[in-house]
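A short write-up of the structure that comes next.
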Amino acid sequence: MPNITLPDGSNRSFVDPVSVAEIAQSIGPGLAKAALAGRVDGELVDTSYRVADDAEVAIVTDRDADGVEVLRHSCAHLMAQAVQRLYPKAQVTIGPVIENGFFYDFAYERPFTPEDLEAIEKTMEEIVKEDLNVERSVLARQDAIAMFKDMGEDYKVEIIKGIPGEEDLSFYRQGEFIDLCRGPHVPSTGKFKAFKLTAVAGAYWRGDSSNEMLQRVYGTAWPSRKDLKLYLQMLEEAEKRDHRKLGKQLGLFHFQEEAPGMAFWHPKGWTLYRSIQDYMKRVLDRNDYQEIHTPQLVDYSLWEKSGHAAKFAEEMFSVESDNRMYAIKPMNCPCHIQVYNQGLKSYRDLPLRFAEFGSCHRYEPSGSMHGLMRVRSFVQDDGHIFCTEEQIQSEVAEFMELLFAVYRDFGFDEVILRLSTRPEKRVGSDALWDDAEQALKDALIATGLPWELVPGEGAFYGPKIEYSLKDCMGRIQQCGTIQVDFFLPERLGAHYVAEDSSRKTPVMLHRAILGSFERFIGVLIEHYGGAMPSWLAPQQAVILNITDKQSQYCRKLEESLKNKGFRASADLRNEKIGFKIREHTLQKIPYLLVVGDKEVEAGTVAVRTRGGEDLGTMTFDDFCNHLSQDVARFGRSDDSLATTN
RNA sequence: GACUUUGUAGCUCAGUAGGGUAGAGCAGCAGACUAGUAAUCUGUAGGUCGGCGGUUCAAUUCCGUCCUAAGUCUCCA
């Protein structure tokens with residue numbers, strides 16, 4: 001006689017074991033129709049699940065994040081069914097839920113085409129109309145293997161053989177289609193309201209490139225057509241904001257065959273780059289970092305000593321000269337330790353913070369390069385803090401505060417925190433790891449913000465926190481990091497004299513706020529859609545004359561703006577004002593100053609923004625004040641002061 | 001690195017199912033127009049069709065190979 005407690009705290013008693021669907025029905029027919037799954041004592045189950053004992057039960061619908069996941073997972077099954085109807089020879093493999101959608105990998109004799117996708121989508125619609133029941137069943141392993149062998153589904157057989165344990169396996173059947181699956185799934189194929197197949201691509205069986213290539217079909221599914229439309233619009237918007245496209249359109253940088261993965265920065269792009277570097281330099285100066293600069297080429301033996309050669313030899317560029325092997329530095333840490341090692345350090349010197357805008361080169365696999373986001377030549381806003389174990393936590397906490405402030409200046413308010421802990425292959429004692437992980441954890445807890453634990457993802461030399469920011473499209477971009485390192489200082493012979501005159505090895509904290517300037521600029525371009533806030537805009541204002549008569553006055557304004565430290569120019573070309581406005585608006589210059597006879601006479605400028613807003617006519621001084629304030633605000637969404645002000 | 005796709009003028013893109021001097025728009029250049037808030041008009045120059053090799057009487061077009069780029073997988077100190 002189960003007594004069911006619902007999320008609102010109310011109770012319902014049933015005489016016999018009762019299914020989730022029946023509970024939903026007892027609450028109301030609307031809910032019964034909307035029910036996609038249930039949650040029984042916290043566990044997600046099918047609506048057909050029977051509750052026999054007292055339990056807390058919630059009905060899961062598509063208003064629930066879990067409900068949408070179930071919907072997407074089931075949609076992957078729907079797609080697999082459609083594929084096998086159309087292409088009976090296609091074998092199914094795996095079909096999980098991913099962010100915003102799902103995919104399913106098929107083994108098929110040829111790649112699917114966009115036309116195939118359309119046909120699959122159509123068949124999916126038909127199966128939705130058929131409203132087939134989705135039924136769960138349980139099979140013993142041997143029976144399951146026999147069944148899939150019989151069906152010619154070799155991959156499924158392999159999957160089952162790979163599942164540890166001895167317990168029976170669950171299956172889901174809808175019409176003629178049956179799939180091995182943990183579930184849960186929607187009760188019937190009539191529940192799908194909005195889905196779309198978005199892409200097809202090759203993917204390797206079990207992610208290993210020595211295995212057969214499968215056909216992966218990506219799809220997205222949403223509770224409503226409206227949600228789907230919004231999502232597709234977001235994808236379109238993301239494409240428009242692609243930094244590679246905008247980089248070309250705005251004349252910021254380019255890539256060419258002769259230097260794959262290495263950007264050629266153009267005047268405007270480099271101005272942006274320098275603005276960010278100058279800003280970061282001010283930030284570091286104010287936070288007791290000492291800037292250093294270390295060589296590009298370092299004898300290969302140093303990388304052998306540091307252990308990088310053993311692990312990353314293939315990803316390092318090397319140069320031979322005079323019978324000596326050098327590596328182009330792939331990272332700055334070993335060099336920073338060389339600087340640290342000059343002269344005997346005392347515990348009184350710690351923490352010692354070195355910073356370098358370190359230019360690094362890594363031979364990234366050709367297929368992994370992506371615009372500015374993944375390059376072979378990049379500059380890190382790198383820094384290394386040498387400190388004692390006791391100082392780790394306070395250093396990390398201080399760093400985090402700085403990082404948040406910097407991100408806010410760039411217009412990012414939401415930061416995602418992840419703690420990666422000890423991996424299987426690692427150096428150092430467990431006690432040491434315990435302390436370091438605890439220090440990072442404490443620093444995270446002290447922020448009062450939510451954070452995620454990623455077990456086993458730390459570097460081999462120590463745990464780390466990674467900082468990702470959410471851009472305006474909701475995409476998560478990993479930028480900053482702080483990593484505890486017990487290993488490298490010892491390996492490269494760093495030490496300090498402790499209070500008791502003994503020699504001790506310092507802990508090294510690797511840290512970066514932006515990550516790399518290249519990547520961060522890529523993120524910024526996409527976040528702002530190329531319309532950089534005034535403090536970063538390569539050009540902040542342009543002065544436009546209406547006829548030649550105003551040229552003299554415009555030149556004077558240009559000079560005056562430049563003298564005040566603004567980035568401005570005058571466009572005196574013999575073109576119509578509408579033409580010039582269009583051009584500079586497309587170049588996303590924040591302020592367009594129009595000057596005709598009226599303005600010359602009154603000593604004013606007519607101000608228009610790149611957004612098309614008319615700020616009216618104002619005196620030149622008023623405009624300068626306006627621009628100054630705009631610049632001082634940085635990218636902050638509120639009016640609080642920027643970090644370096 | 002793997003698979004698929006791709007590379008034509010400064011940019012965006014047509015075109016050539018193996019045949020004569022490869023096209024358009026924009027940008028550029030020359031000239032006219034002296035204008036009031038997202039494209040003024042006229043004229044004009046510009047390409048060994050990604051590189052190398054092969055097949056062919058003939059290759060931008062077909063084949064091979066290399067390089068770049070895109071998507072995806074893998075990787076990311």
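Order of the sequence lines fixes the chain letters, A, B, ..., with proteins taken first and strands second; residue numbering starts at 1 for each chain.
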| message | Base contacts versus sugar-phosphate-only contacts with protein, heavy atoms under 4.0 Å: please encode nucleotides 39-46 of chain B as B, S and - from 5' to 3'. | response | BB------

| remark: In B/S/- notation (B base, S sugar-phosphate only, - none; protein heavy atoms under 4.0 Å), nucleotides 67-77 of chain B written 5' to 3' is BSSSSBBBBBB

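Considering only side-chain N and O atoms, A:K248 lies under 4.0 angstrom from the phosphate OP1 or OP2 of B:U12.
Across residues 546-558 of chain A, A:I546, A:T547, A:D548 each have a non-hydrogen atom less than 4.0 Å from an atom of RNA chain B (numbered order).
Listed by chain and residue number, A:E395 satisfy the side-chain hydrogen bond (donor to acceptor under 3.5 Å, both in side chains) test with A:R353 (two or more places apart in sequence, or in another chain). Scored by the side chain to side chain contact (heavy atoms under 4.5 Å, CB included) test, A:S377 finds A:M262, A:H361 as partners (sequence neighbours excluded). Under the side-chain hydrogen bond (donor to acceptor under 3.5 Å, both in side chains) criterion, A:E258 pairs with A:Q256, not counting sequence neighbours. Legend: residues meeting side-chain hydrogen bond (donor to acceptor under 3.5 Å, both in side chains) with A:T294, ordered by chain and number and at least two apart, are A:K329, A:E356. In this view, A:R72 satisfies the side-chain hydrogen bond (donor to acceptor under 3.5 Å, both in side chains) rule with no residue, not counting sequence neighbours. For A:F520, the ring-ring contact (aromatic ring centres under 6.0 Å, His included) partners are A:F410, not counting sequence neighbours. Residues satisfying the ring-ring contact (aromatic ring centres under 6.0 Å, His included) criterion with A:Y108, sequence neighbours excluded, are A:Y87, A:F112.
For residues 601-620 of chain A, there are no ring pair (Phe, Tyr, Trp, His ring centres under 6.0 Å) pairs, not counting sequence neighbours.
A side-chain donor from one of A:S301 and A:D299 sits under 3.5 Å from a side-chain acceptor of the other.
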| field | Dot-bracket summary - RNA chain B, pairs being Watson-Crick or G-U whose distances fall under 3.5 Å, with | when paired to another strand | value | (((((.(..((((.....[...)))).(((((.......))))).....(((((..]....)))))).)))))....

